[in-house]
Amino acid sequence: MGDNYLLKVENLTVDYKVYGGYLKVLDGVNFYIKNNERVGIIGETGCGKTTTMKSILRLQTNNAVIRQGKIMVGDQNILEMNDKDFHAFRRKGLAMIFQEPMIALNPVFTIGQQIEDVIYYASDTKLSRADLKQKARDVIASVSLPDADRILSNYPFQLSGGMRQRICIALAISMAQKLLIADEPTTALDVTIQAQILELIDQISKQRKMSLILISHSLGLTRNTTDRMYVMYAGVMIESCPTKQLYENPLHPYTVGLLKSIPRLTGGEFSNGIPGRLPDYMNPLPGCRFQDRCSRSMDICRRQKPVEIEVEPEHYVACFLFDHNGDNQ
Amino acid sequence: MKSNKFTFWKENIGRSWYKFSRNKLSVIGLALFILLILAAILAPFITPFPKHAGNYVDLILGSQAPDGTHLLGTDIYGRDMFSRIIFALRPALLMGIMVLALVVPIGTILGLIAGYHKGKFSDHIIMRFTDIFLGLPPLILALAVSSILKPTLTNSMIAVSVAFWPWYSRLVYNMVISIKNEHYVISSELLGESKIHILFKEILPNCLSPIFTKMTLDFGWVIIMTASLSFVGLGEQPPDPSLGTMVAEGARLLPDKWWVAIYPAFTIVLMVLSLNLIGDGVRDMFTATEE
Amino acid sequence: MKDLDLIKIENVKKYFSIGKNLFVKALDGIDLEIKRGETVGLVGESGSGKSTLAYTLMGMYEPTEGKISFKNEDIGSKAQKRDLSIKREMQIVFQDPSGSLNPRRTVLNILSRPLLLHKIVKKNELKKKLIELLDSVELPQEYLYKFTPSIGGGEKQLVAIARAIATNPEFLILDEPTSSLDVSVQGKIINTLMKLKNKLNLTYLFITHDMSLMRNVADRIAIMYLGKIMELATTREFFENPLHPYTKMLLSSIPVISAEEENLLPKEIKSSGEIPSPVNLPEGCRFITRCPYAVDICKNSEPELLEKEPGHFSRCHQ
């Protein structure tokens, strides 16, 4: 199973300590991504997708408690690496681009200063000022932005949202080699710019043979930019399969419900969506986390937690509708 | 049906306390401050020589060093320091409460009116007036006002209030100018609500957090200012005990008979310190955390 | 004919001064009629002016030039100056319910205000009406005593909708009502809005950037770019026969979830070039910096919004 996996998250369970107890946000997340693969994660706000990514990058807040689980890169569990080794690893290997490009860029520094900073700190060798400047220009060019010198001397507020996001992408990829995590990278952008940015991410990841984790709440965005998809709900990966299958043959009631509620260009009815809300993370009900919103929940769903079962080749679902190994079947 | 509101408030208070109490020092500060309030209230019952807080003179016992009977020594008139200090807590705390009770409503209302009418005449009038007062160093201002009036506790309260009100006006003004553009305020305007409703029911409830935080810290400042005024003789007059006056009286006896000045000074420090520690906690209490 | 037009917008301009004799031309000559009972969709990207138009209609801004009529009455002024009856009849639902509902007030307070202010009910009938209102957006009674931060995004928006229909309005502006909500709750909001429209005979101005959604709710669609309407047509015409290059560009960027929908979209038009600054608009057609079909005449003269086919208007020289 070894060398084709770039990253493997195994049974990750994370709680947040808050007033009143613990929020048991991640409940055994299983996730993997291979080299040169593009994976999408779909999930609603609060489902745990950002928490998972933050765990991978070890950017968690102070009150996060990792109860169990491993995050394997090669044969190393990055959760157990010491800080120094991990920083070196993260610097060279991983990068993340965030949803709001304005927050990700420091408003009081010029673009050039920020890019040069990244290059300087990520580089092993000492670079001269001229080298830094040239590398910064290369970075701007790599995301098809013209007029590099002007952009480098600008401050973030002087640029449009689309340009800022391109710069964030440029910053992210300038040093990262292996994995790019894009967390809702186009939510704050216009539709036409959105298309451009996604294409850029697509192009870059293919060119550099980088793996890509694309997180979104929009099913339309991930359809053409990913090879494989995960659907996340309340801290569990409830379904995963090759992208095409998710849209043509969704299995988990949540996924089915979601797809039914999206308005179509071809017209026709769309449902009210999925009634209810995410479970109370403080006191989650035993069993399946989707039980109270599921129109097809059964007795066993309230008692046991479903595990991921391979229903068709490469198509995994965590649901008792497909798992006949539960205690009463 | 009302139970929902009750449980909501109960949960809110619980959560606020949790946030406050994460800061151990704040809890210590709070405990200390509560202790001081209780001491002030119970002064006649807990002090060994309550009469010394008034017109009492026993020169034989003047300036005695701290010992078994007089825990903190005696002052130049032979009065028990400990008792006088406890009684002196009263005007200090009273000043804090009275000044804030006067300054916060006035400053807030002015800030609300000026902020809501940003750019218009009332904004200019109110805020320029505020700016003038803000430009003067608060202590100097308080001293100036004090010196015009007769030196009493009430008048020093007026003097300190004059120095403090513009800060609330400016604080609320800054909040209002951003809140008034929120869609919930605009919705009310579009509905046809009166200005009074909008200012007090829509905008004000959303300004409370920084106001409360500032009040906690300002309490300490008021105490210092009061002490400063009475230090130069412009506050509470003797023989009524006042920390500032006591420090002034004891200053002449330094460094030999240090207790006469140091203990009252230390009490001032203790009061302000406890309030500042509480202030940190109050600030955390109002910080929205990601959940 | 005149009776059918609920809203008539004539050559409305809204310029914002940014000093030094420079203006942001948020609205640069808008002509639009909204007929009673229809849903007019408004599409546009950031900087297009669609929100400015909505806000100007509501009276948050006063138009710099031009005329706005509601039921033939001139309402081109700020809301404060308008009649109370106009305020009652025109309502807006904003994009972000966390911002449009006061976090320090209960749902009961929020919904009572419009009812009491516009004397929709007497005080003793208030409670009954409130429950009715919550019912019509399918929210349970208990929500009356909740503070909005404790309820979910979709439900907050339902409260905002309840507030909007409380005054029995005739016209409702929906400014991206589902854009800040999760996909799992969007359907409910839209379906509720459509049900209410039929039940209460409302007229909608529906603003969204989600074209698939627009396809399903709008009768006619206007697409705006930098303060002007570029194309105006029935929904069907808009999708099946887009005339303006910008429309085609937008349609080709829509993220869809099935192959059959993909086949309905125009082939992708590469969007190159940047959006010009609204302070410094180009001479001639304002879309020129991004248009793949631009020719000389486009540089020199600004095209008019012309009826290219019956009921189908486009602002393009070609």
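In what follows, every chain begins at residue 1, and chains take the letters A, B, ... in the order their sequences are listed.
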key: Neighbour count above 12 (heavy atom, 6.0 Å) for I18(C) CD1   = yes
ask   = Do you know which of A164(C), A79(C), S100(C) has the most heavy-atom pairs with chain B at a distance under 4.5 angstrom?
value = S100(C)
request  = Could you tell me how the ring of H183(B) sits relative to the ring of Y55(C): parallel (under 30°), tilted (30 to 60°) or perpendicular (over 60°)?
outcome  = perpendicular
ask   = Does any heavy atom of chain B fall under 4.5 Å from the side chain of Q80(C), the backbone, both, or neither of them?
value = neither
query = So which heavy atom on L191(B) is nearest to which on H118(C), and how close?
reply = O-NE2, 2.8 Å
task = Report, as yes or no, whether the 6.0 Å neighbourhood of atom CZ on F200(B) holds more than 12 heavy atoms from other residues, nucleotides or ligands.
result = yes
request  = Answer with side chain, backbone, both or neither: which region of I92(C) has an atom nearer than 4.5 Å to a non-hydrogen atom of chain B?
outcome  = side chain
key: Partner of N102(C) by side chain to side chain donor-acceptor pair (under 3.5 Å), out of E202(B), K201(B), E182(B)   = E202(B)
request  = Measure R113(C) against the heavy atoms of chain B and call it side chain, backbone, both or neither at under 4.5 Å.
outcome  = both
task = For L117(C) and G192(B), work out which heavy atoms get closest and say how close.
result = CD2-C, 3.5 Å
query = Which region of L101(C), side chain (C-beta onward) or backbone (N, CA, C, O), has a non-hydrogen atom less than 4.5 Å from a non-hydrogen atom of chain B, or is it both or neither?
reply = backbone
ask   = Closest heavy-atom contact between R104(C) and S209(B)?
value = NH2-OG, 3.7 Å
Closest non-hydrogen atom pair, F94(C) against S187(B) = CE1-OG, 3.4 Å
message = Once rounded to the nearest 0.5 Å, what's the spacing between atom CD of E189(B) and atom CE of M58(C)?
response = 11.5 Å
message = So for atom NZ, which belongs to K118(B), do other residues, nucleotides or ligands contribute more than 12 heavy atoms lying within a distance under 6.0 Å?
response = no
inquiry  = Please classify the contact of R88(C) with chain B as side chain, backbone, both or neither, using a heavy-atom distance under 4.5 Å.
reply    = neither
